[in-house]
Structure formats: structure tokens, C-alpha cells
There are 2 protein chains.
Amino acid sequence: MGASKAGLIPRALAGWPVKDDNQVMSGHHEYRGEALADAARGALTRAGEQWTEMRALIFDALARTRGPASAYDIADAVSKTRGKRVAPNSVYRILDLFVDNNLAKRVETQNAYVANAHPDCVHDCIFLICDDCGAITHLDDDELANSMRSRALDTGFRPANPVMEVRGTCKSCAA
Amino acid sequence: MGASKAGLIPRALAGWPVKDDNQVMSGHHEYRGEALADAARGALTRAGEQWTEMRALIFDALARTRGPASAYDIADAVSKTRGKRVAPNSVYRILDLFVDNNLAKRVETQNAYVANAHPDCVHDCIFLICDDCGAITHLDDDELANSMRSRALDTGFRPANPVMEVRGTCKSCAA
DNA sequence: GATGGCGGAGATATAGTGTATCATTCGCAC
DNA sequence: GTGCGAATGATACACTATATCTCCGCCATC
């Protein structure tokens with residue numbers, strides 16, 4: 001869909017910190033709760049974008065949600081918390097902005113989004129998605145990601161945005 | 001629809017399937033054209049499923065398409081070739097059957113499907129998807145796939161279906 | 001040949017996801 | 001104040017996916 005279809009502008013080509021050999025950088029810190037919102041605001045403003053009331057509300061809704069949230073889920077949640085309807089397209093606009101600026105990640109196999117726990121640094125992330133309970137685990141494995149990029153480069157393909165998502169059963173559901 | 005909706009280059013210009021020189025698979029064979037349909041029919045019937053007229057038409061439409069085809073693309077194509085409308089839900093039913101039996105693969109980031117060039121053997125496959133022209137290259141790299149499965153297992157997650165898709169720019173579009 | 005079960009396909013409706021377009025509001029520079 | 005641009009609102013629409021019920025053809029059985 002959407003972000004991936006018309007929003008086809010490869011992120012790495014849109015100015016993400018990707019090294020010359022097309023391998024992303026590493027080293028990072030994870031945030032939670034209020035600190036996460038602060039980190040997100042900082043990252044967005046440093047990118048020259050505004051941190052508006054609406055954006056704060058949407059980021060908050062995203063960060064509160066355990067597991068992935070669809071744009072429509074977020075629209076409903078924010079509509080409720082502020083007492084006035086938010087149209088889904090407004091949510092999409094802001095989610096796209098978040099994804100472009102590394103504040104959020106899109107989960108392709110779920111048509112959904114998750115907040116990025118470390119907006120400061122860029123990784124090709126791996127999602128482990130439980131088909132039973134819907135829980136999502138977010139891994140960063142630069143070695144694996146770089147293997148995938150290398151593999152693509154070997155064929156002459158210039159990788160921009162690797163998607164690595166594993167459907168299966170999480171630890172607690174498998175027990 | 002995937003590529004067509006985004007106003008990308010028509011699929012006819014995209015090179016699919018692409019057999020890459022560095023693709024090393026033991027004991028598997030890729031099929032094309034009539035032989036591919038035969039292989040698909042064989043695989044499906046061996047699984048105890050019927051190879052009906054409708055299924056043959058849909059597989060043919062899928063195999064003819066260069067690049068990914070959405071269920072609606074296929075519904076249109078088959079409707080045209082047989083002169084009678086095929087409802088999308090019928091197409092979905094059959095595509096699901098194909099995916100379950102390894103005759104086709106779903107491209108998650110495109111909401112689309114591609115025929116599997118070697119229905120006889122199962123791999124976790126990797127798609128390289130060109131954001132410019134829509135072309136899809138299908139790699140099988142068991143080593144990489146197994147690394148990803150191992151990485152998931154390390155965390156206690158039981159992997160079932162790894163999705164590995166790389167968005168970027170293909171060799172000819174990058175040139 | 002009639003009957004009944006079963007799988008495949010058709011028809012229709014609806015839910016869920018994503019985009020396009022234009023209007024409105026608001027803050028800010030001039 | 002005026003004008004401009006960014007952000008959001010409102011609306012409509014397109015695309016993707018599923019649910020449900022019906023109908024048809026096949027075939028085993030009687």
C-alpha cells in the first residue's frame with residue numbers, strides 16, 4: 001500500500017544517514033515513556049519539522065499501544081482522547097512523516113505502525129510477529145541486515161529499505 | 001494494484017523472472033512457460049488438490065505477468081481472456097491455495113503475488129523490488145534465511161514464515 | 001435414474017487500508 | 001493588515017481483503 005506504494009521514495013535516498021557502502025550505522029540508546037516522546041520531538045525538530053499538538057497526540061497514541069497500531073486505530077484513539085474526530089488521512093500524513101524521520105516504523109505484513117524506541121539512530125530492523133497474540137518484538141541486527149544488503153548489492157541491486165519480518169509464535173504463546 | 005497504481009513503468013518492461021548467476025541452489029530446477037504450468041499442476045495434484053480450468057487460468061495469468069500482480073489485476077486479466085467476469089474473491093481463494101501449496105508467493109510490501117518458478121522445493125525467498133520500474137527479482141538464499149530464523153529462535157521465538165523484501169533500485173534503473 | 005453429499009465457483013455485501021483534492025485555519029514575515 | 005506557507009480538516013474515492021450465501025457439477029450410492 002500506500003506508504004510503500006506511492007510513498008515509494010526510498011528512505012535511504014531521502015537523506016538518511018547511510019554510509020557510502022550502503023551499510024547503516026550502529027550504536028544506540030532506547031527510550032521509554034516521556035523520555036521517548038522527548039527523543040522523538042528532538043529528532044523531528046532537528047530535522048526542521050514542527051512538533052505540533054496533533055503530532056504529539058499521534059505519537060503518544062502510537063507509543064502507548066502495545067503491539068502494532070493501524071492508522072485507523074490511531075485515528076480512533078486520538079479522536080477519543082481529544083473529543084474531536086481526526087480523519088484517517090491526517091493520521092496517515094503524520095505517520096508518513098514519522099516513518100520518514102525514523103520516529104516510527106511501518107510493519108509491512110500488518111499494515112500497521114510501531115513507535116521506534118530509539119529515533120536517534122538508524123537501523124534496518126527486524127520484527128518478530130506473533131500470529132497468536134499479535135505481539136511484536138523489534139530486533140536490531142546490523143550484521144544480518146548488512147548481509148541482506150550485501151546480497152542485494154551482489155546482484156547489482158541498490159538496496160534502500162530492507163524489510164525483515166518473521167511471522168511465527170512468540171515465546172509465551174509457544175509455551 | 002501494486003505497480004500499476006503507483007503509475008510506475010508497466011510490468012511488461014520489467015524483467016521477471018530473473019535468474020541470477022550467483023544463485024546457487026542444490027537440487028532445484030526453475031521452470032518457465034508451459035513447463036512451469038506443468039510443474040504447478042503436478043505439485044498441486046500431488047497435494048491432493050484439483051487442477052481446475054479456473055485455477056489453470058489464474059496460474060497462467062500470474063505466470064504471464066512480469067512483476068507482481070494484485071488479485072484484482074488477475075481478476076481483470078482472467079475476466080478478459082475468458083470473456084466472463086471473475087469475482088475477486090474467487091481469485092483470492094485460488095491465490096491463497098497457490099501460496100499454501102508453494103505455487104505462488106505473496107509479496108507483502110506490494111499486496112501482490114508472483115508465480116513461484118520452482119514449486120517443487122521450498123525456500124524462504126528474498127525479493128528485490130525496484131521502486132522505479134516495479135521489477136521483482138526473486139532470490140533464494142538459504143544461508144541468509146537460516147540466519148534470520150536462528151536469530152529469532154535465539155530470543156525464544158518460533159519462526160514460521162520469514163518475510164524478506166528489499167526495496168530499492170534495480171541494476172538497469174540505477175544505471 | 002434418483003438422491004444426497006461435497007468441493008469449486010459465483011454473487012453480493014461489507015470491512016479495512018490508502019490517496020487525492022480542495023478548503024480552512026493559523027502563525028509569521030513583511 | 002496583507003500575504004504566504006505549513007498544518008490540518010473534510011470529503012470523496014480507489015484499492016485490498018473477507019464473509020456469507022447460493023448455485024452448479026461431479027460422483028458415489030442406492
Side-chain angles (χ1 to χ4, degrees), chain A residues 1-9 41 44-45 47-59 61-62 68-79 81-101 104 106-113 134, chain B residues 1-8 41 44-45 47-59 61-62 68-79 81-101 104 106-114 134:
Chain A
M1 75 9 269
S4 42
K5 235 177 254 165
L8 282 185
I9 315 307
R41 176 169 44 74
L44 201 56
T45 53
E49 299 285 353
Q50 301 176 33
W51 183 254
T52 66
E53 177 73 13
M54 191 75 252
R55 292 174 184 183
L57 285 172
I58 287 180
F59 187 84
L62 190 60
S70 77
Y72 283 74
D73 291 339
I74 294 172
D76 289 345
V78 174
S79 296
T81 61
R82 72 163 201 168
K84 187 187 173 193
R85 181 185 121 91
V86 182
N89 64 343
S90 294
V91 177
Y92 274 107
R93 267 194 299 246
I94 292 176
L95 287 175
D96 286 347
L97 180 76
F98 286 175
V99 170
D100 285 345
N101 289 279
R106 179 174 161 83
V107 185
E108 294 291 343
T109 62
Q110 303 271 77
N111 299 324
Y113 299 82
Chain B
M1 338 161 171
S4 54
K5 171 180 164 196
L8 299 175
R41 177 170 42 73
L44 200 56
T45 52
E49 300 285 352
Q50 300 176 34
W51 184 255
T52 65
E53 177 73 11
M54 191 76 250
R55 291 173 186 184
L57 285 172
I58 287 179
F59 188 84
L62 189 60
S70 78
Y72 283 73
D73 291 341
I74 294 172
D76 289 346
V78 174
S79 295
T81 61
R82 72 163 204 171
K84 187 187 172 194
R85 182 185 122 90
V86 182
N89 63 344
S90 294
V91 176
Y92 273 108
R93 264 193 302 245
I94 292 176
L95 286 175
D96 288 346
L97 180 76
F98 286 175
V99 170
D100 286 345
N101 289 278
R106 179 175 162 82
V107 185
E108 294 290 342
T109 62
Q110 304 271 77
N111 299 322
Y113 299 82
V114 296

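Just so we're clear, the structure is a prediction, and the values are computed from it rather than from any experiment. Order of the sequence lines fixes the chain letters, A, B, ..., with proteins taken first and strands second; residue numbering starts at 1 for each chain.
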Worksheet entry | Pair of N/O donor and acceptor under 3.5 Å linking D/dA19 base with B/Tyr92 side chain |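 Absent.
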Under-4.0 Å side-chain N/O to phosphate OP1/OP2 contact, [X] with [N]:
| X | N | result |
| --- | --- | --- |
| B/Gln50 | C/dG7 | no |
| B/Arg82 | C/dG10 | yes |
| A/Thr52 | D/dT8 | yes |
| B/Ser90 | C/dG8 | no |
| B/Arg85 | C/dG10 | no |

Rounded interatomic separation in angstrom, taking [atom1] from [X] and [atom2] from [N]:
| X | N | atom1 | atom2 | result |
| --- | --- | --- | --- | --- |
| A/Tyr72 | C/dA15 | OH | P | 13 Å |
| B/Asp73 | D/dA14 | CG | P | 16 Å |
| A/Arg55 | D/dG9 | CZ | C1' | 14 Å |
| B/Glu49 | C/dG8 | CD | C1' | 11 Å |
| A/Leu44 | D/dA7 | CG | P | 9 Å |
| B/Met54 | D/dC26 | CE | P | 16 Å |
| B/Asn111 | C/dG16 | CG | P | 16 Å |
| A/Leu97 | D/dA6 | CG | C1' | 12 Å |

Considering all heavy atoms of both residues, which atom of [X] and which atom of [Y] are nearest to each other, and what is their separation?
| X | Y | answer |
| --- | --- | --- |
| B/Ala69 | B/Leu62 | CB-CD1, 4.2 Å |
| A/Val86 | A/Ser79 | N-OG, 2.9 Å |
| A/Gln50 | A/Arg55 | O-NH1, 2.9 Å |
| A/Ala61 | A/Ala77 | CB-CB, 4.4 Å |
| B/Tyr72 | B/Pro88 | CE2-CG, 3.5 Å |
| A/Arg106 | A/Val99 | N-CG2, 4.2 Å |

Practice prompt. Apply ring pair (Phe, Tyr, Trp, His ring centres under 6.0 Å) to B/Phe98 and list each qualifying residue two or more places apart in sequence or on a separate chain.
Written response: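 Per chain and number, B/Phe98 pairs via ring pair (Phe, Tyr, Trp, His ring centres under 6.0 Å) with B/Phe59.
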Please write out the pairs of protein N or O atoms and N or O atoms of nucleotides 22-25 of chain D separated by less than 3.5 Å, giving the distance to one decimal.
none

Discussion item. One character per nucleotide, please: for nucleotides 21-30 of chain C, 5' to 3', B when the base has a protein heavy atom closer than 4.0 Å, S when only the sugar-phosphate does, - otherwise.
Written reply: B---------
Item to complete: Keeping to residues at least two apart or across chains, list the side-chain hydrogen bond (donor to acceptor under 3.5 Å, both in side chains) pairs with something in residues 85-99 of chain B.
Response: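 Listed by first then second residue: B/Ser90-B/Arg93.
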Discussion item. To the nearest 0.5 Å, what is the distance between CG on A/Leu97 and CD1 on A/Ile58?
Written reply: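 The CG atom of A/Leu97 sits 10.0 Å away from the CD1 atom of A/Ile58.
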Discussion item. Using a heavy-atom cut-off of 4.0 Å across all strands, would you classify A/Glu53 as base, sugar-phosphate, or nothing?
Written reply: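 The answer is nothing, as A/Glu53 stays clear of every strand by at least 4.0 Å.
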Practice prompt. List for me each residue that meets side chain to side chain donor-acceptor pair (under 3.5 Å) alongside A/Arg41, sequence neighbours excluded, and say none if there are none.
Written response: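 A/Arg41 satisfies side chain to side chain donor-acceptor pair (under 3.5 Å) with A/Asp38 only.
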